[in-house]
S.K.: 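I have a structure here, written as structure tokens, and I will follow up with some questions on it.
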2 protein chains.
Amino acid sequence: MAIFLADNSPSSDPPADEAQDARRRRDPEATRQAILDAAQELFVCHGPAGTSLSAIAKKADVTKSLIHHHFGSKEELWLAVEEYRFRAYFDIQRKMLLESDSTADLLRDSITAYFRFLQSEPDSVRFLMWHMLEDEEQPCPNLEKELFELGIEKIREAQDKGEIRSDLEPFFIIKSLLALPMGWFQTRCMTQALIDSDISAERLDEMYLEDMVKHFLEGVRPRPEDDSDPMAG
Amino acid sequence: MAIFLADNSPSSDPPADEAQDARRRRDPEATRQAILDAAQELFVCHGPAGTSLSAIAKKADVTKSLIHHHFGSKEELWLAVEEYRFRAYFDIQRKMLLESDSTADLLRDSITAYFRFLQSEPDSVRFLMWHMLEDEEQPCPNLEKELFELGIEKIREAQDKGEIRSDLEPFFIIKSLLALPMGWFQTRCMTQALIDSDISAERLDEMYLEDMVKHFLEGVRPRPEDDSDPMAG
DNA sequence: GAGTAAATTGACCGACCGGTCAATAGTCTA
DNA sequence: TAGACTATTGACCGGTCGGTCAATTTACTC
């Protein structure tokens, strides 16, 4: 019930020397970034509807008017934060995808890398969820599309080589590849309560990762008797 | 960017005779339900932080004070709506799980049923997401736990019969079973934009369901050479 | 029919919301 | 150094927020 609780975190990030200096001597770029960072943190925590401009201003140690000066309105600020996050998100994903150039372990590497990414950046999970709930449009549709097409191409190659069964649409394979780690971390905080034993969260992550990869890979492995038509449907 | 747009839906549900009658002659139970229904709809659409009590009162055709009278505070109303939704959600799931008593098609039936359920009730998808973002605690932890234990038991049976490979933790199998349909419908509105062809949303659902089930089931199928130790980890 | 408890109303509260605006204070250029 | 530009401030706006309260209306009980 996060939104019903007052934000009891200290009013602002540790006012590091750089930040203080940046405010003493004018530095609009640093100010912009400070606002963006503060907004990001609060938006991730409480969502756009649950975050007030006053709270952002307080955390960024600027006046509310300054937010309007640099970003226009609350909506534009939210969009700016989204763009900022999504660009980083897609960049990382593209990098991960391009790294694994061996088609043999393509899916194992991809799903593992995605799992590790979400594990190390739980904010991304929450951000994606806020986005799915609050926005109908993709902030960077071109980036996502490009990424999917790249992934589809790679999977097609692996299918042609016979390393992945050919009766599954590459697009759907990617969708499942993304859904499994995402689903795990979306419900991670509630998962612990479902387990009787006192396994640590980290250990649980490792156990799930292992089974998930095993299950996922086995499902896409070409079976001996499977020489039927590729491209079904 | 739903939260930034005014709610331009008609102010209230069609004031059916029953509703009007219920308000003319006093009927506290009907009033409570009207508030609950209106709150449910608005919460699903805009989330708890994005929904005002005034909006709920308007939609339910009651005064704001009446909400406080029946539910206390906004938070208590949100919790009441959650409890209401979750109880229905778990009831349906338990029913689905108990129905398929043949262990042979247990997983096929379960994942298909869950997919169909989310497909027919997109509100549930959004509600679950709001819940995951806003609340840390489960509203009905006992119900969920009971459900998981039931599922785990059934999977264990199937594993003992050799119908499901034994080197996967049943708990994790369920997690994946839930994550796949959920992930699909969470991003459904953006999926269309990723596809070049003009396949209808319904057709796309069917195609994904088919591949997802194929992939999921193949991944849990015991392999011929697989006679290693069950219960790994 | 009197009395009581509960449902319902509308007026009202202080706090906060997103946003505006004129004034001020640095920074850069000519 | 003068002047233009802009980052920054603080006071202020109308509106809405969640919530309270006393008064009124209805239903139930004896």
Side-chain angles (χ1 to χ4, degrees), chain A residues 1-8 11-12 15 19-36 38-39 42-43 46-81 134, chain B residues 1-8 11-12 15 19-36 38-39 42-43 46-81 134:
Chain A
M1 63 197 84
I3 69 152
F4 297 110
L5 299 174
D7 186 27
N8 53 4
S11 64
S12 69
Q20 272 192 340
D21 254 27
R23 210 64 36 76
R24 199 176 308 144
R25 314 195 160 281
R26 288 193 174 182
D27 186 345
E29 209 45 52
T31 301
R32 229 189 105 93
Q33 192 61 42
I35 295 171
L36 217 47
L42 289 173
F43 280 150
H46 306 112
T51 304
S52 72
L53 289 186
S54 329
I56 296 173
K58 198 168 164 192
K59 191 172 205 66
D61 197 26
V62 299
T63 41
K64 215 174 33 165
S65 319
L66 213 41
I67 300 181
H68 283 104
H69 175 71
H70 282 287
F71 294 93
S73 66
K74 186 187 182 183
E75 171 167 8
E76 286 171 289
L77 175 58
W78 165 249
L79 293 178
V81 171
E134 308 270 13
Chain B
M1 61 196 83
I3 67 152
F4 297 109
L5 300 174
D7 187 25
N8 53 3
S11 64
S12 71
Q20 272 191 341
D21 254 28
R23 210 64 38 74
R24 201 177 306 147
R25 314 197 159 279
R26 287 194 174 182
D27 186 344
E29 209 46 52
T31 301
R32 228 188 105 94
Q33 193 61 43
I35 295 172
L36 217 47
L42 289 174
F43 279 150
H46 305 113
T51 305
S52 71
L53 289 185
S54 330
I56 295 172
K58 197 170 165 191
K59 190 170 206 67
D61 199 26
V62 299
T63 40
K64 213 173 36 163
S65 319
L66 212 41
I67 300 181
H68 284 104
H69 176 70
H70 281 288
F71 294 93
S73 66
K74 187 185 181 184
E75 170 166 8
E76 286 171 289
L77 174 58
W78 165 249
L79 292 178
V81 171
E134 308 272 13

S.K.: Could you state the interatomic distance from NZ (A:Lys64) to NZ (A:Lys74), rounded to the nearest 0.5 Å?
M.R.: 11.5 Å

S.K.: Once side chain to side chain contact (heavy atoms under 4.5 Å, CB included) is applied, do any residues pair with A:Ala39, and if so which ones, sequence neighbours excluded?
M.R.: A:Phe43, A:Ile56, A:Leu77, A:Val81

S.K.: Restricting to side chain to side chain donor-acceptor pair (under 3.5 Å), what partner residues turn up for B:Thr63, sequence neighbours left out?
M.R.: none

S.K.: Nearest whole Å is fine: how far is C:dG10 P from B:Ile67 CD1?
M.R.: 14 Å

S.K.: Check the distance between D:dT9's C1' and A:His70's NE2 and give it to me in whole angstrom.
M.R.: 12 Å

S.K.: On the side chain of B:Ser65, is there an atom forming a donor-acceptor pair with the base of D:dG19 - under 3.5 Å, no angle test?
M.R.: no

S.K.: According to a strict under-4.0 Å criterion, is B:His69 in side-chain N/O contact with OP1 or OP2 of C:dA7?
M.R.: yes

S.K.: Whole-Å distance between D:dT8 P and A:Asp27 CG?
M.R.: 8 Å

S.K.: Find the distance between CG (A:Leu36) and OG1 (A:Thr31) and round it off to the nearest 0.5 Å.
M.R.: 12.0 Å

S.K.: I need the CD1-C1' distance between B:Ile35 and D:dG18, as an integer number of Å.
M.R.: 15 Å

S.K.: Whole-Å distance between C:dA11 C1' and B:Leu66 CG?
M.R.: 16 Å

S.K.: Using the side chain to side chain contact (heavy atoms under 4.5 Å, CB included) criterion, which residues pair with B:His68? Sequence neighbours excluded.
M.R.: B:Leu53

S.K.: Minimum heavy-atom separation for B:Ala60 and B:Ala34, please, with both atom names.
M.R.: CB-O, 3.7 Å

S.K.: D:dT8 P sits how many Å from A:Phe71 CZ, rounded?
M.R.: 11 Å

S.K.: Check the phosphate of C:dC21 against A:His68, side-chain N and O only, distance under 4.0 Å to OP1 or OP2. Yes or no?
M.R.: no

S.K.: Distances for protein N/O vs nucleotides 13-17 of chain D N/O pairs under 3.5 angstrom?
M.R.:
residue, atom, partner, partner atom, Å
D:dC17, OP1, B:Ser52, OG, 2.8
D:dC17, OP2, B:Ser54, OG, 2.9

S.K.: Mind listing the closest non-hydrogen atom pair of A:Arg32 and A:His70 along with its distance?
M.R.: NH1-O, 3.5 Å

S.K.: Looking at side-chain heavy atoms only, is the closest gap between B:Trp78 and B:Thr51 below 4.5 Å?
M.R.: no

S.K.: Could you list all N or O pairs between the protein and nucleotides 22-24 of chain C that sit under 3.5 Å apart?
M.R.:
none

